[in-house]
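Below you'll find the structure, written out as structure tokens, and then a few comments.
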Amino acid sequence: MAQIKKSTESVNKGSFVFSKINYQLFIASLVIVVIGFALMSGETDIYSFTKITLAPIVVVLGFALGFVAILYRPKTTKTEEE
């Protein structure tokens, strides 16, 4: 029978999947999306520049930052590898 070697890059059971910067970027993206939806809300002057143009751009930028937060991989140092 062949023995299966355990990967040297095994994940510790108590560690997080993302680093601190990933969570900070994700929280920032959530705040930006909420700001965008707040800019879109309201009943007065529904055809204003803020509601039609600015708010959707802010929301899309917030979602884009969310993707960056998920995909961002911080550079590892030698102390983190050991």
Side-chain angles (χ1 to χ4, degrees):
M1 285 192 225
Q3 291 183 352
I4 299 174
K5 291 183 180 181
K6 291 184 179 179
S7 174
T8 57
E9 296 178 313
S10 65
V11 178
N12 296 335
K13 290 182 180 180
S15 68
F16 289 108
V17 176
F18 297 118
S19 65
K20 183 178 178 181
I21 188 73
N22 294 95
Y23 290 111
Q24 290 173 342
L25 287 172
F26 190 68
I27 290 171
S29 72
L30 290 176
V31 169
I32 291 172
V33 169
V34 168
I35 289 171
F37 280 114
L39 288 173
M40 249 189 265
S41 68
E43 296 178 6
T44 59
D45 196 19
I46 61 171
Y47 297 112
S48 68
F49 169 79
T50 304
K51 293 181 194 237
I52 289 181
T53 307
L54 183 64
I57 291 172
V58 171
V59 170
V60 169
L61 289 176
F63 284 131
L65 184 60
F67 285 120
V68 170
I70 292 170
L71 297 176
Y72 180 74
R73 181 178 293 173
K75 296 176 184 171
T76 57
T77 59
K78 283 191 172 187
T79 57
E80 292 178 3
E81 291 176 355
E82 296 174 359

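- With a 4.5 Å cut-off on side-chain heavy atoms, Val58 and Ile32 count as touching.
- Residues satisfying the side-chain hydrogen bond (donor to acceptor under 3.5 Å, both in side chains) test with Ser48, not counting sequence neighbours, are none.
- In the hydrophobic clustering of ILVMFWY residues, with side-chain heavy atoms under 4.5 Å counting as a link, Ile57 and Phe67 come out apart.
- Lys51 contributes a side-chain N or O that, together with a main-chain N or O of Ser41, makes up a donor-acceptor pair within less than 3.5 Å.
- Met40 belongs to a hydrophobic cluster with Val33, Phe37, Val59, Phe63, counting contacts under 4.5 Å between side-chain heavy atoms of Ile, Leu, Val, Met, Phe, Trp and Tyr, direct or through other members.
- Counting all heavy atoms, side chain and backbone alike, Phe26 lies closest to Ser29 at O-OG, 2.6 Å.
- Its side chain outside the 4.5 Å cluster rule for every partner, Val60 clusters with none of the Ile, Leu, Val, Met, Phe, Trp and Tyr residues.
- For Pro74 against Asn22, the heavy-atom pair with the smallest separation is CD-OD1, 4.0 Å.
- For the atom pair CG (Leu25) and CG (Leu71), the distance works out to 11.0 Å, reported to the nearest 0.5 Å.
- Taken from CD1 in Ile35 to CG in Leu54, the straight-line distance is 11.0 Å, to the nearest 0.5 Å.
- Between the CG atom of Leu30 and the CG atom of Leu65 there is a distance of 9.0 Å, given to the nearest 0.5 Å.
- Taking hydrophobic clusters as Ile, Leu, Val, Met, Phe, Trp and Tyr residues chained together by side-chain heavy-atom distances below 4.5 Å, Ile52 does not share a cluster with Phe49.
- In this structure, Tyr23 and Phe18 approach most closely via the heavy-atom pair CE1-O, 3.5 Å.
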